[in-house]
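Here the structure comes first, spelled out in structure tokens, and everything after it is commentary.
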Amino acid sequence: MIAETRAEARDAAELVQVEYEPLPAVVDPERALEDGAPIVHDDFGTNSCYTWKLSAGDVDEEFGNASVVVKERYRQQRLIPNAMEPRGVIVQPFPATGELTMWSATQIPHIARVTLSMVTGVPEAKLRVVAPDVGGGFGSKLNVYAEEALALVLARKLGRPIKWIETRTEGYQATIHGRDQIQEIELAATSEGKIRAVRAKLTVAMGAYLQLVTPGVPLLGAWLYSGAYDVVAYDFECTGVFTTTTPTDAYRGAGRPEATYAIERAIDALARKVGKDPVEIRRLNFLREFPKTIASGLTVDSGDYDAHLDAALELLDYDAVRKDQAERRERRDTKEVGIGFSTYLEMCGLAPSRILGAIRYGAGGWDAATIRFLPTGTVQVLIGTSPHGQSHETTFAQIVADQLGVGYDEIEVLHGDTAVTPLGMDTYGSRSLTVGGIAVYKAAERIVEKARKIAAHQLEVGEDELAYDGGRFTANGGALTTKEIALQAWTAHNLPDGMEPGLEASYVFDPENFSWPAGTHIAVVEIDTETGNVDLIRYVAVDDVGKVINPDVVAGQIHGGVTQGVAQALWEEAVYDDDGNLITGSMVNYLVPSAAEVPSFELGSTETPSPTNPLGVKGVGETGTIASTAAVMNAVVDALSARGVTDIDMPATPERVWRAVKEVAS
Amino acid sequence: MLAPNFPGRKEDAVRRVSITVNGAEHDLDLDPRELLVYVLRERLGLTGTNVGCDTSSCGACTVLIDGESVKSCTVLGVQADGQEITTIEGLATNGSLHPVQEAFKDTHGLQCGYCTPGFVMATVSLLRETPSPSEEQIRHGLEGNLCRCTGYHNIVRAVQQAAGVGV
Ligand code: FES
Ligand code: FES
């Protein structure tokens with residue numbers, strides 16, 4: 001319905017009577033694979049969308065020889081991303097030129113332009129996509145949505161601006177969901193708990209229609225089911241399944257929280273089986289030499305896992321909390337305490353383009369920056385990544401300020417507008433700093449290189465005789481600042497022979513490896529065994545994200561990420577009934593945590609710079625979410641394990657916990 | 001939810017109301033079903049007040065009505081007749097940020113910023129009622145506002161900082 005006002009559109013929509021023919025529903029991916037299950041797409045004849053495998057080493061032999069085998073099954077419930085700004089799109093046509101400008105609350109203006117042009121036939125060069133200040137994404141705006149295409153086509157057809165703003169309830173139904181997979185993981189280990197092999201098998205709900213990266217999301221975890229541990233054989237298999245539900249797609253962490261959850265839960269199960277402390281079993285299995293090619297075939301750049309584990313234990317005062325736990329058990333306290341670990345390893349910074357090609361991703365993983373020194377001495381930094389809360393303006397300005405010796409306030413970071421910025425690959429997968437930030441750094445380096453040539457020419461010295469510090473070239477008592485050189489480059493009155501005027505440089509960076517943050521997160525929960533209520537009372541996180549450029553920004557990303565992961569463990573779950581109705585269809589019955597549900601976080605850090613990029617940085621946008629779900633659930637199980645509880649499904653609601661406690665008691 | 005079961009319909013007469021927003025009085029002819037948040041955003045162009053949900057769950061739309069924090073998506077424009085409203089745009093004085101705004105900025109209390117106007121307004125009201133709140137009082141006092149980015153850690157720091165300078 002198109003109308004002049006929201007109210008008119010709603011009134012008009014009420015006049016439309018839709019007759020729905022109910023089709024059989026199948027909402028569970030395992031059920032969807034059973035014989036006789038309703039087929040989502042008749043022409044496929046099966047709900048199996050794909051099966052993808054990765055195998056290395058002799059897994060069967062390792063399992064045959066193993067003294068201890070742990071076999072676990074976990075459910076990654078379906079989640080609703082809930083970026084606080086709903087989606088929205090406005091398209092303004094310019095009929096005289098055939099141009100169209102789209103403003104969209106998207107994470108991916110550049111990718112959206114390519115795909116929307118392909119879908120609608122609007123020539124790419126006539127389409128400008130602007131992602132202004134976008135209110136969060138977490139993967140849910142890493143998609144090209146039907147409403148965007150529709151608004152574009154309608155604006156072109158009617159020659160008038162079209163605006164569509166999502167309601168939250170629509171968002172629950174039609175914006176992509178996250179997770180929804182069943183995980184089976186097996187560990188083959190020696191009697192003392194040294195893991196030799198990992199086998200992981202996933203069954204993942206795709207929803208009814210594949211979105212931008214739906215099938216690829218679980219595969220982003222494919223390499224990580226051995227976690228931070230050194231194994232010799234590895235087997236991964238993932239089956240994507242069509243279900244009559246909203247599509248799943250990227251949600252903060254995408255594939256890697258799932259992998260981390262499975263291995264971190266399973267290693268705790270192994271610890272219980274061989275009678276070891278969760279800390280001890282982790283130390284026994286850690287990867288220790290870097291760079292290290294892991295069983296699944298990728299190379300971990302750098303790390304020191306004992307260092308962050310030690311730091312976290314100290315921050316927590318591990319022995320004291322264990323003592324409290326023992327004392328409560330001693331006095332038969334109805335309130336149990338549990339300690340949960342997650343010594344995660346993450347693979348992020350999407351991505352080396354060749355690897356993306358190998359897994360048949362449709363685009364590259366590079367990113368771009370252009371730096372333009374303006375004649376008045378201020379600097380424009382044009383970036384291909386597209387922030388929606390990650391503080392690119394701050395962090396990237398710091399990188400440039402450092403190199404060019406100009407003040408932060410003199411730097412303008414411009415992003416999210418295809419008419420302004422260089423072609424880029426946008427923001428997701430903790431890639432902005434490790435890929436886009438390196439492009440910024442390299443472009444700044446090029447500016448300095450050129451400025452050096454101009455300085456040498458004007459000061460009449462050799463380039464190598466120039467000292468450079470804080471934006472000033474000096475030699476023989478003469479000096480020129482980058483700002484002065486910017487003006488000189490613009491007037492071009494006195495440049496070296498043959499030099500192009502202007503002080504502007506671009507760089508496109510394609511990383512040679514992923515970035516591999518790691519860390520130790522420890523959750524402490526208190527469980528009221530009489531009500532089943534789980535209270536997260538402490539949360540310690542020590543992360544190694546390589547070199548840190550802005551500690552506040554990094555801490556903020558960790559706080560937010562942790563909270564989202566904790567929410568998966570304890571509160572959030574999207575539920576469909578058997579007829580395929582979403583019964584958690586709004587914020588009223590889907591618990592997005594408020595400030596009252598979470599504690600303040602206790603953060604620490606260690607640092608092993610990444611050797612694969614000149615800044616030594618690793619990604620941080622998703623670490624918190626990747627680590628925390630497992631830490632919290634391990635804490636829940638740890639609290640109740642003395643009573644015999646070994647597993648609880650997520651979210652660990654009071655009812656589930658209470659039932660689990662009852663069940664083992666009877 | 002908004003329509004379809006809303007009392008007003010297009011054919012109902014518009015109503016003239018007089019609302020004071022950030023010190024300026026506005027006489028407006030409102031459709032009886034118009035929510036205050038849309039009156040602010042679309043009629044007065046005060047787009048600092050955001051809409052994050054349709055179930056009065058998120059607090060992104062929080063404003064002050066006669067000094068008290070209210071979710072402006074739960075109030076009809078016509079109900080605000082004769083009342084005094086403060087939005088995020090009305091907090092700064094002579095170009096300098098309100099101490100609560102300053103505190104959110106100093107403590108990195110926002111990331112995407114979408115929830116921030118609501119949090120700032122809720123904080124102004126919280127600190128009026130409880131000038132030196134404990135962490136627990138802050139967390140419970142802001143329970144009606146949701147943020148998906150910050151994990152609340154730095155929002156709590158912001159409120160503490162603002163309380164410290166006395167708001
Ligand atoms: S928009 Fe008012 S509470 Fe969400
Ligand atoms: S800062 Fe993004 S929702 Fe709060």
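In what follows, chains are A, B, ... by sequence order, proteins preceding strands, each numbered from 1.
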Please rank [options] by heavy-atom pairs under 4.5 Å with chain A and give me the top one.
| options | result |
| --- | --- |
| C149(B), G144(B), S56(B) | C149(B) |
| L146(B), I155(B), N154(B) | L146(B) |
| R157(B), H140(B), E143(B) | E143(B) |

Please classify the contact of [X] with chain B as side chain, backbone, both or neither, using a heavy-atom distance under 4.5 Å.
| X | value |
| --- | --- |
| F138(A) | side chain |
| V562(A) | neither |
| Q390(A) | neither |
| V566(A) | neither |
| N82(A) | both |

Task: Test applied, side-chain contact (heavy atoms from CB on, under 4.5 Å); reference residue, L30(B); option that passes from R15(B), R16(B), R43(B) - done: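 Going through R15(B), R16(B), R43(B) one by one, the side-chain contact (heavy atoms from CB on, under 4.5 Å) with L30(B) is satisfied by R43(B) alone.
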- [ ] Quick one: sort the H521(A) and Y539(A) rings into parallel, tilted or perpendicular, breaks at 30° and 60°.
- [x]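 H521(A) vs Y539(A) ring planes: perpendicular.
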TODO: Grab the two heavy atoms, one from Q137(B) and one from L126(B), that are nearest each other, plus how far apart they are.
DONE: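 Answer, listing the atom of Q137(B) first, then L126(B): O-CD1, 4.2 Å.
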Task: Taking every non-hydrogen atom, the tightest pair across C58(B) and M587(A) - done: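 Minimum heavy-atom separation between C58(B) and M587(A): CB-SD, 4.1 Å.
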Mind ranking [options] by heavy-atom pairs under 4.5 Å with chain B and telling me who comes out on top?
| options | result |
| --- | --- |
| G624(A), G560(A), S600(A) | S600(A) |
| S594(A), P593(A), A83(A) | S594(A) |
| G389(A), P599(A), G556(A) | G389(A) |
| P387(A), A596(A), G135(A), G171(A) | A596(A) |

Task: Contacting region of E136(B) [heavy-atom separation from chain A under 4.5 Å] - done: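 Neither part, no heavy atoms under 4.5 Å.
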TODO: Please tell me if the side chains of F601(A) and I558(A) come closer than 4.5 Å, counting only heavy atoms from C-beta onward.
DONE: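 No; the side chains remain at least 4.5 Å from each other.
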TODO: Run the numbers on T20(B) and E84(B) for side-chain hydrogen bond (donor to acceptor under 3.5 Å, both in side chains), then give the verdict.
DONE: CA-CA 5 Å; T20(B) 305; E84(B) 207 157 308; 5.0 Å; no
Open item on the list: Taking atom CD as the centre, does E25(B) end up with more than 12 heavy-atom neighbours from other residues, nucleotides or ligands that are less than 6.0 angstrom away?
Closed with: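 Yes - once you tally the heavy atoms of other residues, nucleotides and ligands closer than 6.0 Å, there are more than 12.
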- [ ] Tell me, yes or no, whether the heavy-atom count around D409(A) atom CG, taken from other residues, nucleotides or ligands under 6.0 Å, exceeds 12.
- [x]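 Counting other residues, nucleotides and ligands, CG of D409(A) stays at 12 neighbours or fewer.
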Open item on the list: For P651(A), is there any backbone N or O sitting under 3.5 Å from a side-chain donor or acceptor partner on E573(A)?
Closed with: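 Checked: no pair found.
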